[in-house]
Amino acid sequence: MKCDLCPRHCLAERPEYPGDAALPGVCHSPQLAVVARAGLHFWEEPVISGERGSGTVFFSGCNLHCVYCQNHDISSGCRGKVLTAPQLRRIYDNLAQQGAHNINLVTPTHFTETVLASLDPLPGLPVVYNTNGYDLPETLRRYQGKVSIYLPDLKYADNALGWRYSGVKDYFERTVAAIQEMYRQTGNFEIGDDGIMRRGIIIRHLMLPGQLENTLQVIRFVAENFRPGQVMFSLMRQYLPCGQVSEHQFPELNRRISDAEYLAAENALFESGIEDGFLQDADAAAKEFIPAFDGTGVTDFIR
């Protein structure tokens, strides 16, 4: 089957299982899901993690390969355990038994066939689709009625940055179309009496060093296209030089966000009219918040 799940349209013939040969396609992944970690995650937005944690499943592989990716160890390779849909479902059930507020699928797009099968029937908790935003509306439509919450990135309003750092020339247009489809499915966000999100969208934007204007453009887009009460917005300061970033590769990204940059973005956000969302302290930019992709929560459910 030629893969056409994401805007790359690479039409790769992805095998069901990985073999000895290099895997084809941009995501470098088989058809069956590859999972690097599963467990309760406490570092999402408060309405997602709550007090008991978000039941997070980290999939390997990605269709963007951002040069600064904090999950570089798994996003750029097929590192993890290969799982069938029933095996995935056992992981969801275990996370629910641990008290998870939701089932949080991180970068699931390229494993859509297996993921959809794993969600039939629904797991009894809100399902969160946690994505880089570079998605196709037609793929997302297949998740209607299964996904309650979408967490899309909106990385770039400037497509030149999308090309330099993620290798795509149409990031903004593609992600805007995807977010519009997500909103069509979920409608306005809903927060329960316990402070946990029941449905809706949180648009996330990770600030990049030296790219304040890009951030301001993202804020303007959200403010001009959504009214208060429709979506939430998360202005993220957790950037660390990771992946391919170094003094020799992408030296302009080889630092953290400055206080002045984040303050300017904060001020723009407050002035924009966006009322619903989240900020991050400088302490969020710390390596201890990057999970260990060591198979935790996965191996016991392979049988």
Side-chain angles (χ1 to χ4, degrees), residues 1-19 21-36 57-80 82 105-117 129-144 147 150-182 184-185 201 203-206 208 214 218 221 242-245 249-250:
M1 180 180 70
K2 294 183 177 180
C3 185
D4 200 23
L5 291 171
C6 85
R8 293 281 196 175
H9 297 296
C10 69
L11 302 178
E13 293 277 3
R14 293 165 56 195
E16 186 176 21
Y17 287 89
L23 288 164
V26 175
C27 66
H28 307 305
S29 302
Q31 293 180 44
L32 288 176
V34 182
V35 177
V57 180
F58 289 93
F59 294 98
S60 293
C62 184
N63 65 343
L64 278 189
H65 305 295
C66 302
V67 299
Y68 50 82
C69 182
Q70 293 184 355
N71 296 351
H72 180 265
D73 286 350
I74 61 171
S75 63
S76 293
C78 186
R79 177 180 171 185
V82 180
L105 309 176
V106 182
T107 321
T109 300
H110 49 300
F111 297 125
T112 283
E113 305 302 334
T114 304
V115 170
L116 285 175
Y129 195 97
N130 191 332
T131 171
N132 59 39
Y134 196 64
D135 291 298
L136 285 176
E138 47 265 48
T139 297
L140 295 172
R141 279 193 284 271
R142 300 177 62 188
Y143 287 90
Q144 184 161 353
V147 168
Y150 284 98
L151 302 186
D153 292 338
L154 184 48
K155 298 176 183 290
Y156 316 111
D158 182 349
N159 277 334
L161 299 181
W163 176 238
R164 175 161 174 76
Y165 299 135
S166 299
V168 292
K169 295 182 177 180
D170 55 357
Y171 180 87
F172 183 67
E173 299 92 327
R174 292 293 195 175
T175 302
V176 164
I179 289 173
Q180 289 170 338
E181 170 59 24
M182 295 171 190
R184 186 195 68 79
Q185 291 184 27
I201 302 173
I203 299 173
R204 292 169 154 178
H205 175 68
L206 176 68
L208 296 177
N214 178 60
V218 167
F221 166 79
C242 293
Q244 299 175 48
V245 174
Q249 292 182 289
F250 308 100

Short side-chain donor-acceptor distance under 3.5 Å, Y134 and D153: no

Note, F59 side chain near P108 side chain (heavy atom, < 4.5 Å): yes

Interatomic distance, E13 atom CD to Q31 atom CD [nearest 0.5 angstrom]: 8.5 Å

Side chains of Q185 and Y143, donor plus acceptor under 3.5 Å: no

By side chain to side chain donor-acceptor pair (under 3.5 Å) - contacts of N132 (at least two apart): N63

Validation row: F111, V35 side chains within 4.5 angstrom (heavy atoms): no

Ring center gap for F172 and Y156 short of 6.0 angstrom: no

pair L161-K155: side-chain heavy atoms closer than 4.5 Å: no

Any N214 side-chain heavy atom under 4.5 Å of H205 side chain: yes

Full working for side chain to side chain contact (heavy atoms under 4.5 Å, CB included) between N159 and E173: CA-CA 9 Å; N159 277 334; E173 299 92 327; 2.7 Å; yes

Closest heavy-atom pair and its distance - G80, S60: N-OG, 4.3 Å

side-chain contact (heavy atoms from CB on, under 4.5 Å) partners of R184, counting only residues at least two apart: R141, Q144, E181

Test item: Y129 and I201 side chains (from C-beta on) under 4.5 Å apart, heavy atoms: no

From L151 atom CG to M182 atom CE, the distance as rounded to the nearest 0.5 Å: 9.0 Å

Atom of I179, atom of P152 and distance for their closest heavy-atom approach: CG1-CG, 3.9 Å

Residues which pass side-chain contact (heavy atoms from CB on, under 4.5 Å) with R142, listed by chain and number, not counting sequence neighbours: L5, T112, E113, L116

Sub-4.5 Å side-chain heavy-atom contact between V168 and R174: no

Rounded distance (nearest 0.5 Å) linking atom CG of D170 with atom CH2 of W163: 10.0 Å

Result block: side-chain N/O donor-acceptor pairs under 3.5 angstrom for residues 71-78, not counting sequence neighbours:
| from | atom 1 | to | atom 2 | distance (Å) |
| --- | --- | --- | --- | --- |
| S75 | OG | N71 | O | 3.3 |

For V26, side-chain contact (heavy atoms from CB on, under 4.5 Å) partners two or more places apart: R8, C10, H65

Nearest atoms (heavy-atom pairs only) where L23 meets P15: CD2-CG, 3.6 Å

Spacing of CG belonging to L11 relative to SG belonging to C3, to within rounding of 0.5 Å: 8.0 Å

Backbone of C27 reached by a side-chain donor or acceptor of R14 within 3.5 Å: no

Distance-minimising heavy-atom pair for G61 and T107: O-CG2, 3.7 Å

Parallel, tilted or perpendicular: rings of Y165 and F250 (30°, 60°): perpendicular

Listed partners of N130 passing side chain to side chain donor-acceptor pair (under 3.5 Å), at least two apart: E44, N104, R204

Side chains of V34 and S29 in contact at under 4.5 Å (non-hydrogen atoms): no

Separation of E138 CD from C6 SG (nearest 0.5 Å): 10.5 Å

